[in-house]
Amino acid sequence: MKHLFLVMILALLAPCAQAQPTKRRTTTSSAAAQAGNPAVKKATQTADRASLQFPTAEDMPDDVVWKRDIYRQLDLDLDANAPLYYPVEPQGTQCNLFTYLFRLMLTGRVPAYNYKLDGNESFTDADKITDVKELLDRYYIYYEEQNGHLTVADNDVPSAFVRRYYIKESSYLDQRTGTFSTRVTALCPIMLESDDFGDSSSPKPLFWMRYDDLAPYLSRLPIMASNLNNVTLMTADDYFQLGRYDGKIYKTANLQGRVLADYCKTPEEMEQEQQRIEQQLSDFESHVWTIPQPVDSLADSLALAQAATGQKHKRSSSTASSSSSSSKSSLSSSRRSSGSSSGSKQKKSSSGSKSTAVASARRTRR
């Protein structure tokens with residue numbers, strides 16, 4: 001009986017014993033592949049380290065009740081956008097944004113996507129830049145190739161010519177958390193080269209990058225936050241998350257796919273349209289949240305006292321005006337009565353003189 005019981009137990013454990021080595025072999029082969037390929041191992045360690053150091057934020061949900069996509073152009077000559085441009089060449093641990101993005105693309109840590117003629121971003125595998133060498137040749141960026149690896153010196157990175165950026169930001173209302181947020185979703189550096197006469201050529205957008213791919217690395221890029229206090233530093237991710245940039249709207253996501261320049265023919269019309277879109281965003285946010293006006297009891301009591309004082313002044317002025325009008329009417333009536341009595345006296349005296357004159361004339365006739 002005991003032997004039969006042991007045989008049944010061994011029969012039940014046999015499938016588990018046969019399935020276990022397959023999983024173990026898979027894990028061992030994966031570990032061996034990573035150990036045998038230093039590049040894969042280094043990339044995996046870098047990705048894991050970045051994900052651990054970066055405090056991940058919640059992604060924008062797909063089922064938001066309201067969202068609007070805005071495209072802005074950042075001019076790095078403005079003071080608000082200057083932290084993205086300086087220093088032009090790396091100085092110690094600091095470098096500008098384009099140098100950082102270029103290194104991430106060149107080493108393959110962050111994928112870049114082609115800028116299409118319609119200006120719309122596409123983050124599909126078909127639009128991913130797989131041949132970085134072709135991109136460098138297209139924009140005449142000097143590089144060296146050794147053993148299949150591309151290297152570009154710091155002074156050959158065209159960071160001085162990248163003086164603009166296109167960014168895409170999404171303003172959305174999350175009904176689950178009850179928050180209205182605005183976040184950057186994509187970046188595109190723009191190169192502006194100068195000719196022999198110092199005039200800038202046409203803008204050359206280089207590539208698109210997803211902000212979610214860049215966020216773990218931008219959280220470790222320090223930039224200067226103030227001209228007055230050079231010790232004050234912030235990360236590039238904080239800069240974009242806090243909306244410290246200053247960019248004008250050049251396009252919105254619409255059914256026709258038009259940019260503002262297609263239907264705004266003059267700079268005045270362009271500025272009015274940009275202000276109208278900005279006002280639409282602020283109006284929607286103000287309509288979503290009922291923001292009460294601050295109440296100051298002292299100011300309210302002062303306003304009530306001033307209103308009461310004003311009413312008293314009005315009453316006193318109306319009383320004074322009525323008394324003055326009554327005095328004026330009494331004075332005019334007295335003047336009228338005195339005038340009438342004097343007139344009657346004058347009439348009586350004239351009639352009396354006339355009667356005496358008639359009597360004297362009668363006496364002389366006699």
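As the structure is a prediction and not an experimental result, all values here were calculated from the model.
Side-chain contact of N229 with S226: a donor-acceptor pair under 3.5 Å is absent, judged by distance alone. Residues Y245 and E169 bring a donor and an acceptor atom of their side chains to less than 3.5 Å of each other. At a cut-off of 3.5 Å, with distance as the only test, a side-chain donor of T107 or R109 sits close to an acceptor on the other residue. Looking at D69 and S170, their side chains do bring a donor and an acceptor atom within 3.5 Å of each other.
Hydrophobic cluster of V259: no remaining members, since no ILVMFWY side chain lies below 4.5 Å from it. As a member of the Ile/Leu/Val/Met/Phe/Trp/Tyr network built from side-chain separations under 4.5 Å, F123 groups with Y71, Y113, Y115, Y166, I190, W208, Y250.
Listed by chain and residue number, E273 satisfy the side chain to side chain donor-acceptor pair (under 3.5 Å) test with Y263 (two or more places apart in sequence, or in another chain). With sequence neighbours excluded, the residues forming a salt bridge (charged side-chain N to carboxylate O under 4.0 Å, His left out) with E278 are R72, listed by chain and number. Residues satisfying the side-chain contact (heavy atoms from CB on, under 4.5 Å) criterion with L78, sequence neighbours excluded, are D75, N81, D246. Scanning for salt bridge (charged side-chain N to carboxylate O under 4.0 Å, His left out) contacts around K128 gives D125, with sequence neighbours left out. Judged as a side chain to side chain donor-acceptor pair (under 3.5 Å), and not counting sequence neighbours, Y142 has no contacts. The salt bridge (charged side-chain N to carboxylate O under 4.0 Å, His left out) test applied to E134 returns R138, not counting sequence neighbours. P83 is linked by a side-chain contact (heavy atoms from CB on, under 4.5 Å) to I223, Y239, counting only residues two or more places apart in sequence or in another chain. T235 meets the side-chain contact (heavy atoms from CB on, under 4.5 Å) test with D237, D238; sequence neighbours excluded. In this view, V88 and Y85, Y86, S159, A160 satisfy the side-chain contact (heavy atoms from CB on, under 4.5 Å) rule, not counting sequence neighbours. By the salt bridge (charged side-chain N to carboxylate O under 4.0 Å, His left out) test, E271 pairs with no residue at all, sequence neighbours left out.
Counting only distance, with no hydrogens or angles, the side chain of S122 and the backbone of D127 share no donor-acceptor pair below 3.5 Å. Counting only distance, with no hydrogens or angles, the side chain of E269 and the backbone of K265 share a donor-acceptor pair below 3.5 Å. Without hydrogens or angle criteria, S286 side chain to S282 main chain gives a donor-acceptor distance under 3.5 Å.
D156 contributes atom CG, which lies 9.5 Å from atom CD1 of I141 (distance to the nearest 0.5 angstrom). Remark: R164 CZ to L76 CG distance equals 9.5 Å, nearest 0.5 Å. With rounding to the nearest 0.5 angstrom, the CD atom of E144 is 5.0 Å from the OG1 atom of T151.
Salt bridge annotation for D131-K133: absent, with no cationic side-chain nitrogen under 4.0 angstrom from a carboxylate oxygen. For the pair D212 and R183, the salt-bridge criterion is met [side-chain N within less than 4.0 Å of a carboxylate O]. Between R103 and D154 a salt bridge is recorded (basic side-chain N to carboxylate O distance below 4.0 Å).
Within a 6.0 Å sphere centred on CG of D118, other residues, nucleotides and ligands contribute more than 12 heavy atoms.
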Determine, step by step, whether Y172 and W66 satisfy the ring-ring contact (aromatic ring centres under 6.0 Å, His included) criterion, reporting the C-alpha distance in whole Å, the side-chain angles of both residues, the deciding distance to 0.1 Å, and the verdict. CA-CA 5 Å; Y172 62 95; W66 186 90; 9.3 Å; no

Residue pair N120, K251: steps toward the side chain to side chain donor-acceptor pair (under 3.5 Å) verdict: CA-CA 10 Å; N120 296 323; K251 188 177 72 169; 2.6 Å; yes

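A 4.5 Å side-chain heavy-atom check between L135 and L206 finds every atom pair outside the cut-off.
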